[in-house]
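This one's a predicted model, so the numbers in the text were calculated from it and none came from an experiment.
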Amino acid sequence: QVQLVESGGGLVQAGGSLRLSCAASGRTFRDAAMGWFRQAPGKEREFVATIDSRLLNTHYANGLKGRFTISRDNAKNTVYLQMNSLKPEDTAVYYCACSSYAIPTTREYDYAYWGQGTQVTVSS
């Protein structure tokens, strides 16, 4: 069992930055790939970024690489999402998720555990 708690969301102006954190509990964290997803109002939840258990591989949704950076600290059981040059279209609830697998994956159904989400609002 893994519990995930996100933090770091908030209101930011376009062009600004935010760093989301996701604190995980449970022994399986270090063996699992982690991911970030987001859901904008009126839209389906979508993949944002993922990182494997050994910090060797990352993968980003189209258009986000270069602005967003996913990282993790296995010693702290925490995964991060650094978001720079934010745009109003980045406004969404951001969810942290723990995969059932060690390798990175973009598919929602590969993630067994989810956080409650943190709101990110980017004003124009």
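Checking side-chain atoms of Gln3 against main-chain N and O of Gly26 turns up no donor-acceptor pair under 3.5 Å. Checked by atom type and distance alone, the side chain of Gln39 never pairs as donor or acceptor with a backbone atom of Val93 at under 3.5 Å. Checking side-chain atoms of Thr78 against main-chain N and O of Lys76 turns up a donor-acceptor pair under 3.5 Å.
Shown here for Pro88 and Ser124, the closest heavy-atom pair between the two residues is CG-CB, 3.9 Å. Considering all non-hydrogen atoms of both residues, Ala32 and Ser99 come closest at CB-O, 3.4 Å. The minimum heavy-atom distance linking Val79 with Phe29 is given by the pair N-CZ, 4.3 Å. In terms of heavy-atom proximity, Val48 sits nearest to Tyr94 at CG2-CE2, 4.4 Å. Among all heavy-atom pairs drawn from Gly35 and Ile70, the shortest one is CA-CD1, 4.5 Å. Pairing each heavy atom of Leu86 with each of Leu18, the nearest pair is CD1-N, 3.8 Å.
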**Message:** Walk me through whether Val120 and Leu20 qualify under side chain to side chain contact (heavy atoms under 4.5 Å, CB included).
**Reply:** CA-CA 9 Å; Val120 171; Leu20 306 183; 4.0 Å; yes

**Asked** Given the rule in the side chain to side chain contact (heavy atoms under 4.5 Å, CB included) test, do Asp90 and Phe68 qualify, once you have shown the distances and angles that lead to the verdict?
**Response** CA-CA 11 Å; Asp90 294 319; Phe68 288 16; 3.9 Å; yes

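With a 4.5 Å cut-off on side-chain heavy atoms, Leu81 and Met83 count as touching. Residues Tyr95 and Gln116 fail the side-chain proximity criterion, which asks for heavy atoms closer than 4.5 Å. Ile103 places none of its side-chain heavy atoms less than 4.5 Å from the side chain of Asn57.
Thr69 OG1 to Arg19 CZ: the interatomic distance, rounded to the nearest 0.5 Å, is 10.5 Å. Note that SG of Cys96 and CD of Glu6 are 5.5 Å apart. Values are rounded to the nearest 0.5 Å.
The cationic atom of Arg72 (NZ for Lys, CZ for Arg) does not lie both less than 6.0 Å from the six-membered ring centre of Tyr80 and within 45° of the ring axis. Remark: Arg67 is not positioned above the aromatic ring of Tyr60, lacking an NZ or CZ atom under 6.0 angstrom from the ring centre and at most 45 degrees off the axis.
Sorted by first and then second residue, the salt bridge (Lys or Arg N to Asp or Glu O under 4.0 Å) pairs with a member in residues 110-124 read Arg107-Asp110; sequence neighbours excluded. The side-chain hydrogen bond (donor to acceptor under 3.5 Å, both in side chains) pairs that include a residue from residues 40-51 are Arg38-Glu46, Arg45-Glu108, Thr50-Tyr111, where partners are two or more places apart or lie in different chains.
Relative orientation of the His59 and Phe47 rings is parallel, given thresholds of 30° and 60° on the angle between their planes.
Hydrophobic clustering, with ILVMFWY side chains joined whenever heavy atoms are under 4.5 angstrom apart, groups Trp36 together with Leu4. Val2 and Phe37 are assigned to two separate hydrophobic clusters, defined by single-linkage of ILVMFWY side chains at heavy-atom distances under 4.5 Å.
Residues satisfying the side chain to side chain donor-acceptor pair (under 3.5 Å) criterion with Asn77, sequence neighbours excluded, are absent altogether. Scored by the side chain to side chain donor-acceptor pair (under 3.5 Å) test, Asp73 finds no partners at all (sequence neighbours excluded). Among residues two or more places apart in sequence or in another chain, the salt bridge (Lys or Arg N to Asp or Glu O under 4.0 Å) test is passed with Arg30 by none. Annotation: side chain to side chain donor-acceptor pair (under 3.5 Å) contacts of Thr121 (sequence neighbours excluded): Gln119.
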